[in-house]
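It should be emphasised that the depicted structure is a prediction, and the values quoted were computed from it without experimental measurement. Start at 1 with the first residue, then count along the sequence. First listed ligand is number 1; within each ligand, the first listed atom is number 1.
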Amino acid sequence: MSVTHLDHVAIATPDLDIGSTPYLALGLHPEGPDEDVNGQGVRVRAFMVGETLIELLMPTRPDSPIAAYLEKRGPGLHHTAYRVADLDAEMTRLRAEGARFLSDAPAPGRAGTRVAFLHPKWGAGTLIELVEHLRGQAGFDGTGV
Ligand SMILES: CC[C@@H](C(=O)O)C(=O)SCCNC(=O)CCNC(=O)[C@H](O)C(C)(C)COP(=O)(O)OP(=O)(O)OC[C@H]1O[C@@H](n2cnc3c(N)ncnc32)[C@H](O)[C@@H]1OP(=O)(O)O
Ligand SMILES: [Co+2]
């Protein structure tokens, strides 16, 4: 099987503390400190639920995809992300099936991951991310190695 886990569910928010309120009330705790992912123009706060993260995304600059999303749609569900063992192989496989990726190559994600996004039109109206965890990293499951 190509996808091994629902890796994370991402929520766009203009303010990480305000966005955290429901998750703290649910009894969840942030996974370590907030992290800036500069290539995406976001600051991330993550909450673990079982084997899946809730990823709160706040824009750090006006040209961030999250700033554009908040401007057009307001705070809310931004994307779902699926873990794969070999992202390059998965991109090649899906492209051969006509999938439309938003970049030619994977980009750096949170916590040392590599990520790639599929166009929301291909995702039947939702933005889908594929994530590859590196060997030895939390979440790496060895599949396909
Ligand atoms: C923290 C790092 C990393 C991780 O480790 O997990 C991340 O998650 S980073 C997350 C932020 N980065 C990204 O989202 C990168 C990929 N996104 C993009 O390239 C753009 O956001 C986009 C998806 C191409 C949209 O860009 P936009 O300028 O808004 O383009 P359009 O307005 O033309 O949108 C096209 C079409 O898609 C609809 N849309 C846009 N965003 C979403 C969304 N999140 N979910 C569902 N649909 C979305 C938009 O409404 C347009 O639809 P139509 O109006 O029907 O054409
Ligand atoms: Co993500």
Using a 4.0 Å heavy-atom cut-off, which part of Leu127 comes near ligand 1: side chain, backbone, both, or neither? both
Is the CG atom of Asp104 crowded by more than 12 outside heavy atoms at less than 6.0 Å? no
Atom 26 (O) of ligand 1 touched by protein (heavy atom, under 4.0 Å): no
Glu55 OE1 and Glu129 OE1 subtending at the Co ion (ligand 2) (10° steps): 170°
Just wondering, do Leu53 and Arg110 contact through their side chains at under 4.5 Å, heavy atoms? yes
Atom 34 (O) of ligand 1 touched by protein heavy atom at under 4.0 Å: no
Heavy-atom distances under 4.0 Å decide this one: backbone, side chain, both or neither, for Leu57 against ligand 1? side chain
Checking heavy atoms under 4.0 Å, the part of Pro120 that sits near ligand 1 is side chain
Counting heavy atoms only, which part of His78 comes closer than 4.0 Å to ligand 1: side chain, backbone, both or neither? both
Go through the steps to decide whether His78 and Glu55 satisfy the test side chain to side chain donor-acceptor pair (under 3.5 Å), and finish with yes or no. CA-CA 10 Å; His78 185 259; Glu55 197 178 70; over 6 Å; no
Regarding atom 23 (C) of ligand 1: of the candidates Leu118, Leu102, Leu53, Val44, which has the closest heavy atom? Leu102
Any non-hydrogen atom of Ala10 lying under 4.0 Å from ligand 1? no
N, O or S atom of His78 closer to the Co ion (ligand 2) than 2.8 Å: no
Below 4.0 Å from ligand 1: does a non-hydrogen atom of His8 turn up there or not? yes
Considering only heavy atoms from C-beta outward, does the side chain of Val9 approach that of Val49 to under 4.5 Å? no
Taking atom 49 (C) of ligand 1 as the reference point, report whether a protein heavy atom occurs under 4.0 Å from it. yes
Nearest to atom 11 (C) of ligand 1, what protein heavy atom do you find, and at what distance? Gln40 OE1, 3.7 Å
What protein heavy atom lies closest to atom 30 (O) of ligand 1? Include the residue and the distance to one decimal. Lys72 NZ, 3.9 Å
Side-chain contact test, heavy atoms from C-beta onward, threshold under 4.5 Å: evaluate it for Leu26 versus Phe47 and give yes or no. no
Look at atom 39 (N) of ligand 1 and say whether a protein heavy atom is found at less than 4.0 angstrom from it. yes
For the student: nearest non-hydrogen atoms of His133 and Asp7, plus distance: NE2-OD1, 2.6 Å
CD of Glu35: more than 12 outside heavy atoms within 6.0 angstrom? yes
